[in-house]
Amino acid sequence: MHGRDLRRGSATVEEIESNGGHGRFVAADLSIPSDVERLAADVGNVNVLVNNAGFSWFGPTADLDTGTFDALFASNVRATYFLVAALAPGMVKRGSGSIINLGSMAGQIGLAGGARTARRRRR
């Protein structure tokens, strides 16, 4: 498994192992391309890839600054794309593997405050 927080990741691995499982934590910030590349290289053969990283921003579309937009895209889209690109060929070569891409309901329905225009006041 991966995450940005070493303490939380280590605690999760301990919980998995205390219940008879096996786990390993690799720290990475998926908004940083070099971290995505390092993560893919560090984990080796992967049988199951679950893309579940991401974050949201709420507010009027006009208020979304370029930096936040770029961070959203890097974490929510680019990281998923490049993790699949790095890990899927190994799954194909071995003849097995699963890729699970999770998304939020915001990708399917409109949510109040999510990517909207500012309301006009009636006079």
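On a predicted model such as this, the values are computed, not experimentally measured, just so you know.
Side-chain contact between Ser75 and Phe55: present, with at least one pair of heavy atoms (C-beta onward) separated by less than 4.5 Å. Side-chain contact between Asn45 and Met91: absent, with no pair of heavy atoms (C-beta onward) separated by less than 4.5 Å. Side-chain contact between Asn51 and Ile100 is absent, with no heavy atoms from C-beta onward closer than 4.5 Å.
Judged by distance alone, the side chain of Arg94 and the main-chain N or O of Val46 form a donor-acceptor pair under 3.5 Å.
The OG atom of Ser56 lies 7.5 Å from the CG atom of Leu72; values are rounded to the nearest 0.5 Å. To the nearest 0.5 angstrom, Asp63 atom CG is 14.5 Å from Phe58 atom CZ.
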Exercise for the section: Before giving the answer on side-chain contact (heavy atoms from CB on, under 4.5 Å), spell out for Leu39 and Leu30 the whole-Å C-alpha distance, their side-chain angles and the decisive distance to 0.1 Å. Expected result: CA-CA 9 Å; Leu39 173 66; Leu30 297 183; 3.8 Å; yes
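Put simply, Ile16 and Val26 are part of two different groups of oily side chains (I, L, V, M, F, W, Y) that touch within less than 4.5 Å, one to the next. Residues Leu83 and Val77 do not share a hydrophobic cluster, clusters being chains of Ile/Leu/Val/Met/Phe/Trp/Tyr side chains in contact below 4.5 Å.
For Gly23 against Val13, the heavy-atom pair with the smallest separation is O-CG1, 3.6 Å. Nearest approach of Glu17 to His22, heavy atoms of both residues: CG-CA, 4.4 Å.
In this structure, Asp70 has no salt bridge (charged side-chain N to carboxylate O under 4.0 Å, His left out) partners at least two apart in sequence or on a different chain. Listed by chain and residue number, Asn19 satisfy the side chain to side chain donor-acceptor pair (under 3.5 Å) test with Glu15 (two or more places apart in sequence, or in another chain). With sequence neighbours excluded, the residues forming a salt bridge (charged side-chain N to carboxylate O under 4.0 Å, His left out) with Arg38 are Asp35, Asp42, listed by chain and number.
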